[in-house]
Amino acid sequence: MLELYTHPMSPCAQKVRLVLEEKRLAWQAHQMDLAQKENLRPQYLKLNPKGVVPTLVHDGVPIVESSVICEYLEDAFPATRLIPSSPLEKTRMRLWMKHVDEKLHAAMASL
Ligand SMILES: N[C@@H](CCC(=O)N[C@@H](CS)C(=O)NCC(=O)O)C(=O)O
């Protein structure tokens with residue numbers, strides 16, 4: 001069972017939702033109310049000590065950090081491959097991941 005703690009405006013969570021959908025996996029969403037600081041409640045901090053979304057819970061085991069979650073999904077569900085096999089293409093994919101983590105996410109936070 002795959003559960004995702006998410007928020008509609010979170011680019012990090014959106015990245016994981018895209019991977020789940022591209023791989024056509026069944027998953028359950030837990031919409032977090034960030035405005036009400038639901039992410040800082042002790043129950044959620046047990047899953048994600050930084051108190052941020054997304055958090056993926058796979059068969060009861062929490063996995064944090066959006067890029068790490070995406071790579072986990074690729075390893076755990078290899079039937080639909082999203083990471084290219086060519087070393088050069090893989091490098092380009094990693095640069096895009098880095099760009100989202102370091103630039104896009106920061107820009108969205110400013111907005
Ligand atoms: N490096 C983390 C960043 C996660 C992050 O900062 N998430 C934001 C939403 S995009 C969040 O939950 N912020 C908490 C808040 O706004 O209170 C990841 O990629 O998962």
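In listed order, ligands and their atoms are each counted from 1. No experiment lies behind these values; they were computed from the predicted model shown.
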Who's the nearest protein heavy-atom neighbour of atom 13 (N) of ligand 1, and how far? V52 CG1, 4.0 Å

I'd like to check whether S66 has a polar contact with ligand 1, where a contact means an N/O of the residue lying under 3.5 Å from an N/O of the ligand. yes

Same cluster for V19 and W27 if Ile/Leu/Val/Met/Phe/Trp/Tyr side chains link at under 4.5 Å? yes

among protein heavy atoms, the one nearest atom 2 (C) of ligand 1 is E65 OE1, 3.3 Å

Ligand 1 atoms in contact with N39 (distance to a heavy atom under 4.0 Å): 14 (C), 15 (C), 17 (O)

Out of Q28, H58, H30, which residue meets the side chain to side chain donor-acceptor pair (under 3.5 Å) rule with E3? H30

Which ligand 1 atoms, with their elements, are less than 4.0 angstrom from a heavy-atom of P11? 10 (S)

Flag for T80-R24: side-chain donor and acceptor within less than 3.5 Å: no

What protein heavy atom sits nearest atom 9 (C) of ligand 1, and how far away is it? S10 OG, 3.6 Å

Y5 vs Y44 aromatic rings, parallel, tilted or perpendicular, using cut-offs 30° and 60°? tilted

Suppose I only count heavy atoms of P54 and a 4.0 Å limit; which atoms of ligand 1 are within that range? 20 (O)

Check for a donor-acceptor pair, side chain of D59 on one end and backbone N or O of M1 on the other, with a separation under 3.5 Å. yes

Using only atom types and a distance under 3.5 Å, with no angle test, would you say the side chain of K23 pairs donor to acceptor with the backbone of F77? yes

Report the nearest protein non-hydrogen atom to atom 4 (C) of ligand 1: residue, atom name, distance rounded to 0.1 Å. V53 O, 3.3 Å

Is there side-chain contact between L73 and L56, with at least one heavy-atom pair below 4.5 Å? yes

Between H105 and ligand 1, which residue portion shows a heavy-atom distance shorter than 4.0 Å: side chain, backbone, both, or neither? side chain

Which protein non-hydrogen atom lies closest to atom 16 (O) of ligand 1, naming both residue and atom, and how far is it? L34 CD1, 4.0 Å

